[in-house]
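What follows is a single structure, written as structure tokens, with notes after it.
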Amino acid sequence: MYAQMIKSEATQDDPEKLAAFQARIDAGEKIEPKDWMPEGYRKTLIRQIGQHAHSEIVGQLPEGNWITRAPTLERKAILLAKVQDEAGHGLYLYCAAETLGVSRDEITEMLLDGRMKYSSIFNYPTLNWADIGAVGWLVDGAAIMNQVPLQRTSFGPYSRAMIRICKEESFHQRQGYDAIRKMAEGTPEQKKMAQDALNRLWYPSLMMFGPSDKDSVHSAQSMAWKIKMNTNDELRQKFVDQTVPQAEYLGLTVPDPDLKWNEERGHYDYTDPDWSEFFDVIKGNGPCNVDRLAARNKAWDDGKWVRDGLLAHARKKAARKHAAE
Ligand code: BYC
């Protein structure tokens, strides 16, 4: 429905303006908030940046759950810093979305009532400490693969937010790899836990890149507008090629019996995730969808008195300023 809405609004734009806009994109210029832009471009950005912001915020839940149970003080301090970073990433992205004319409150409410999505990956549980290592290694690894090209995206505020985010994401991936390496090199029981985490999180991580190119609704237009720089399958392949040697180094087995290096293509051949599971999860039927949205709704409701207080203070200050003028 959203895609249809975008399409019909895009066609209402003046063809001359559209052509001039496309020429700016093709020339590699950045589009800034006050520049003219097609309505579809603006809406697609709000959808993608908003979904990304929500993913950062919801993504704190599975990891935050393990802060009190981290095995050492050092691991706890690292995880705490990482989870705080995710909140910061959400804020940069909400700010970027605000420059497109949607308030943070509006976009949050769209998450809370299910009108907007967040990444499918956060609808899977983190059952034990090995999962936290695997999240950093695989989930942050997939996130970086997707986000590094987005530093060159055409919308200025989004591109600048991505540059800051990517700096921190590389630390996140490294800490995850370090945590899973410790488990993989540990006792037989620990190694078993690391393998089990890889078994459960491999396919959900591949799903993070979105449906296969033939089923991707938005890719063609988003790539023409440089809102997306690569197709979903291109990035998924890059992720597989990068991650398989890392798993081998750790002595872990990727849970895909058909995975093999294809000399001719210069890439690994791999099995796609179960796409019916993916579509089911993004419809709201994953193992944790209900819990995640309930947690975010509770946090939003619990924080109402703070928002109301800040707003009342700001109003009072503005009224005093107005009276003094
Ligand atoms: N989960 O036409 P398509 C992170 C939806 S990492 C849920 O290919 P598009 C983090 C899609 O919205 C994750 N929904 O879409 C990491 C569309 O539905 P609607 C966040 C998904 O937008 C560690 C439909 O499927 N990163 O934050 O061209 C710790 C058709 O798909 C997913 C980003 O968001 C999914 N995985 O491509 C903490 C990066 N995939 O909206 C936090 C920016 C697809 O029409 N986003 N859908 O109802 C993107 O690059 C793109 O939006 C995607 C999807 C590649 C994700």
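In this text the structure is predicted, and so the values were computed from the model without any measurement.
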>> Checking side-chain polar atoms at under 3.5 Å, does E277 have a donor or acceptor matched by the opposite partner on Y203?
In response: no

> Counting only heavy atoms not in R164, do more than 12 fall under 6.0 Å of its CZ?
Replying inline: no

>> If you compare all heavy atoms of A134 against all heavy atoms of A197, which two are closest, and at what distance to 0.1 Å?
In response: CB-CB, 3.9 Å

> So, do E86 and S55 sit near enough that their side-chain heavy atoms are less than 4.5 Å apart?
Replying inline: no

>> Is there a side-chain contact between Y270 and L206 in this structure, where contact means two heavy atoms from C-beta onward sitting under 4.5 Å apart?
In response: yes

> If only atom types and distance count, is the side chain of R307 paired as donor or acceptor with the main-chain N or O of W300 below 3.5 Å?
Replying inline: yes

>> Is it the case that the side chain of N232 and the backbone of P211 share a donor-acceptor pair, with hydrogens and angles ignored and the cut-off at 3.5 Å?
In response: yes

> Shared ILVMFWY cluster between V148 and M208, side chains joined below 4.5 angstrom?
Replying inline: no

>> Walk me through whether R265 and D269 qualify under salt bridge (charged side-chain N to carboxylate O under 4.0 Å, His left out).
In response: CA-CA 9 Å; R265 291 201 310 122; D269 290 336; 2.8 Å; yes

> Okay, side chain of R236, backbone of G210: is any donor-acceptor separation there less than 3.5 Å?
Replying inline: yes

> Looking only at heavy atoms, what is the nearest atom pair of L201 and S205, with distance?
Replying inline: O-OG, 2.6 Å

> For the atom pair CD1 (I282) and OG (S119), what is the distance rounded to the nearest 0.5 Å?
Replying inline: 10.0 Å

> Is the OH atom of Y249 crowded by more than 12 outside heavy atoms at less than 6.0 Å?
Replying inline: no

> In Å and rounded to the nearest 0.5 Å, what is the OH to CG distance from Y158 to L100?
Replying inline: 11.0 Å

> Are I67 and Q60 close enough, and set up right, to give a side chain to side chain contact (heavy atoms under 4.5 Å, CB included), and what steps lead you there?
Replying inline: CA-CA 10 Å; I67 291 171; Q60 293 180 101; over 6 Å; no

> Yes or no on side chain to side chain contact (heavy atoms under 4.5 Å, CB included) for L18 and W36, after CA distance, side-chain angles and deciding distance?
Replying inline: CA-CA 9 Å; L18 271 178; W36 184 86; 4.2 Å; yes

> Is K30 atom NZ crowded by more than 12 heavy atoms from other residues, nucleotides or ligands, each under 6.0 Å away?
Replying inline: yes

> For D35 and F21, what are the C-alpha separation, side-chain angles and deciding distance, and is it a side chain to side chain contact (heavy atoms under 4.5 Å, CB included)?
Replying inline: CA-CA 9 Å; D35 296 348; F21 178 80; over 6 Å; no

>> Please determine whether residues M110 and I49 belong to a single hydrophobic cluster, defined as Ile, Leu, Val, Met, Phe, Trp and Tyr linked transitively by side-chain heavy-atom distances below 4.5 Å.
In response: yes

> Does Q175 reach the main-chain N or O of L79 with its side chain, forming a donor-acceptor pair under 3.5 Å?
Replying inline: no

>> Test salt bridge (charged side-chain N to carboxylate O under 4.0 Å, His left out) on R315 and D308; report intermediate values, then the result.
In response: CA-CA 10 Å; R315 279 205 190 109; D308 288 349; over 6 Å; no

> Would a distance-only check, ignoring hydrogens and angles, find a side-chain to backbone donor-acceptor pair under 3.5 Å from D85 to E169?
Replying inline: no

> Donor-acceptor pair, T126 side chain versus P62 backbone, under 3.5 Å?
Replying inline: yes

> Tell me, do K298 and D301 make a side-chain contact under 4.5 Å, heavy atoms counted?
Replying inline: no

>> Classify the ring geometry of F278 against W275: parallel below 30°, tilted from 30° to 60°, perpendicular beyond 60°.
In response: perpendicular

> How about Q237 and D233: does a side-chain donor come under 3.5 Å of a side-chain acceptor?
Replying inline: no

>> With a 3.5 Å distance limit and no angle check, can you tell me whether D241 reaches the backbone of Y268 through a side-chain donor-acceptor pair?
In response: yes

> Mind checking whether I227 and Q48 have side chains closer than 4.5 Å, heavy atoms only?
Replying inline: yes

> If you group Ile, Leu, Val, Met, Phe, Trp and Tyr by side-chain heavy-atom gaps below 4.5 Å, do W261 and F239 land in one group?
Replying inline: yes

> Between CZ of R75 and CG of L80, what distance do you get to the nearest 0.5 Å?
Replying inline: 14.5 Å

> Which pair of heavy atoms, one from P149 and one from L235, lies closest together, and at what distance?
Replying inline: CG-CD2, 4.2 Å

>> Atom CZ of residue position R24 - does it have more than 12 heavy atoms of other residues, nucleotides or ligands inside 6.0 Å?
In response: yes

> After noting the C-alpha distance and the side-chain angles of D178 and R181, does the key distance pass the salt bridge (charged side-chain N to carboxylate O under 4.0 Å, His left out) rule?
Replying inline: CA-CA 5 Å; D178 185 62; R181 186 180 55 79; 2.7 Å; yes

>> For residues L61 and V83: do they belong to one hydrophobic cluster (side chain heavy atoms under 4.5 Å, members Ile, Leu, Val, Met, Phe, Trp, Tyr)?
In response: no

>> Evaluate E234 against K228 for salt bridge (charged side-chain N to carboxylate O under 4.0 Å, His left out), listing each step before the verdict.
In response: CA-CA 12 Å; E234 277 168 10; K228 259 169 105 160; over 6 Å; no

> How long is the gap from CH2 on W137 to CE on M183, to the nearest 0.5 Å?
Replying inline: 13.0 Å

> Do P33 and F155 come close enough that some side-chain heavy atom pair is under 4.5 Å?
Replying inline: yes

> So Y41 and W225, would you call those rings parallel, tilted or perpendicular, with 30° and 60° as cut-offs?
Replying inline: perpendicular

>> Contact between Y177 and L250 at the side-chain level, heavy atoms closer than 4.5 Å - yes or no?
In response: yes

> Got a second to check how far Q51's CD is from H54's NE2, nearest 0.5 Å?
Replying inline: 8.5 Å

> For the hydrophobic clusters of this structure (ILVMFWY residues joined by side-chain heavy atoms under 4.5 Å, transitively), does one cluster hold both M37 and I107?
Replying inline: yes

> Are E325 and H322 close enough that a side-chain donor and a side-chain acceptor fall under 3.5 Å?
Replying inline: no

>> Determine whether a donor-acceptor pair (N or O, by modelled atom type, separation under 3.5 Å) exists between the side chain of R292 and the backbone of V58.
In response: no

> Can you tell if the side chain of D140 reaches within under 4.5 Å of the side chain of V135, non-hydrogen atoms only?
Replying inline: yes

>> So does A224 get a backbone contact from the side chain of Q22, meaning a donor-acceptor N/O pair under 3.5 Å?
In response: yes

> Can you tell me how far the NE2 atom of H89 sits from the NE2 atom of H172, to the nearest 0.5 Å?
Replying inline: 5.0 Å

>> Using every non-hydrogen atom in the two residues, find where A130 and I180 come nearest and quote the distance to one decimal.
In response: O-CD1, 3.5 Å

>> If I compare all heavy atoms of L93 with all of M162, which pair ends up nearest, and what's the gap?
In response: CD2-SD, 4.3 Å

>> Between T243 and V254, does the side chain to side chain contact (heavy atoms under 4.5 Å, CB included) criterion hold? Intermediate values first, please.
In response: CA-CA 9 Å; T243 311; V254 172; over 6 Å; no

>> Whether the E56 and H52 side chains hold a donor-acceptor pair (N or O, under 3.5 Å, no angle test) is what I'd like checked.
In response: yes

>> Do N230 and K238 make a side-chain contact, defined as non-hydrogen atoms from C-beta onward lying under 4.5 Å apart?
In response: no

> Which pair of non-hydrogen atoms, one from N289 and one from G286, has the smallest distance, and what is that distance?
Replying inline: OD1-N, 2.7 Å

